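Step one of this worksheet: look at the structure below.
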Amino acid sequence: MNYWLFKSEPQTFGIDDLAKSPKRTTAWEGVRNYQARNMMRDGMRAGDQGFFYHSSCDVPGIQGIVEVVREAYPDASAFDRKSPYHDPASDPANPRWMLVDVKLVRKFARPITLEALKRHAGGKLKDMVVLRRGNRLSITPVTPAEWKFILSIAGE
DNA sequence: GCCAACGTTGGC
DNA sequence: GCCAACGTTGGC
């Protein structure tokens with residue numbers, strides 16, 4: 001099993017939106033970056049776990065846990081002219097963008113803030129991709145050790 | 001709103 | 001294939 005971190009802006013789609021979604025499940029649409037797409041397409045398998053992270057908001061941080069419940073398939077929003085994620089260059093016969101379905105496993109009572117994560121940036125989380133300077137990927141891998149450690153500091 | 005970082009685009 | 005210009009991300 002692999003671990004991941006899914007970034008989302010709560011203004012657009014936050015963890016509470018996921019909680020309200022049918023079956024607490026959503027298609028993770030709108031990823032328009034090749035590295036992130038490749039991780040979804042080539043790296044994610046059903047049953048993988050991920051952190052749901054809020055970015056570009058008052059208190060950025062990890063809000064809860066999701067699970068990959070459907071492996072990569074074409075992102076139809078790329079073909080939807082009315083979607084903000086429309087990409088006229090994506091050919092339906094050969095889709096450029098893929099997505100996975102994720103399901104909410106649990107929302108933390110207390111988020112693990114970016115500030116809290118950074119307190120360990122010199123230690124247990126020193127190689128964590130999402131903490132790397134200049135990182136802008138909306139999907140990043142999390143190592144099993146990082147996963148375990150982050151869960152251990154939840155609720156601090 | 002600012003700015004650093006980085007990806008993409010397009011002219012050559 | 002290079003690289004400058006531009007757009008986007010995301011923390012602050």
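Letters A, B, ... are given to chains in the order of the sequence lines, protein chains preceding strands, and every chain is numbered from 1. Being a predicted model, the structure only gives us computed values, none of them experimental.
To the nearest 0.5 Å, atom NZ of residue A/K103 and atom CD of residue A/E67 are 8.0 Å apart. The CD1 atom of A/I153 sits 5.5 Å away from atom CG of A/L117, with the distance rounded to the nearest 0.5 Å.
Between A/D75 and A/R32 a salt bridge is recorded (basic side-chain N to carboxylate O distance below 4.0 Å). Taking 4.0 Å as the cut-off between side-chain N and carboxylate O, A/R96 and A/D87 count as a salt-bridged pair.
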Tabulate protein N/O versus nucleotide N/O from nucleotides 9-11 of chain B, keeping only pairs under 3.5 Å, one per line.
none

Anything under 3.5 Å between a protein N or O and an N or O of nucleotides 1-7 of chain C, put it in a table, one pair a line.
| residue | atom | partner | partner atom | Å |
| --- | --- | --- | --- | --- |
| C/dG7 | N2 | A/R136 | NH1 | 3.4 |

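Remark: P of B/dT8 and CG of A/D87 are 12 Å apart, rounded to the nearest angstrom.
Using modelled atom types and a 3.5 Å distance limit, the side chains of A/W28 and A/D101 yield no donor-acceptor pair. For the residue pair A/Y85 / A/D80, no side-chain donor-acceptor distance below 3.5 Å is found, with atom types taken as modelled.
Of all heavy-atom pairs spanning A/L137 and A/K7, the tightest one is O-NZ, 3.0 Å.
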- [ ] Let me see the working for A/F52 and A/S8 under side chain to side chain contact (heavy atoms under 4.5 Å, CB included), right down to the final yes or no.
- [x] CA-CA 8 Å; A/F52 192 119; A/S8 188; 4.1 Å; yes
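Residue contacts for A/S55: at a heavy-atom cut-off of 4.0 Å it reaches the sugar-phosphate backbone alone, with no base atom in range.
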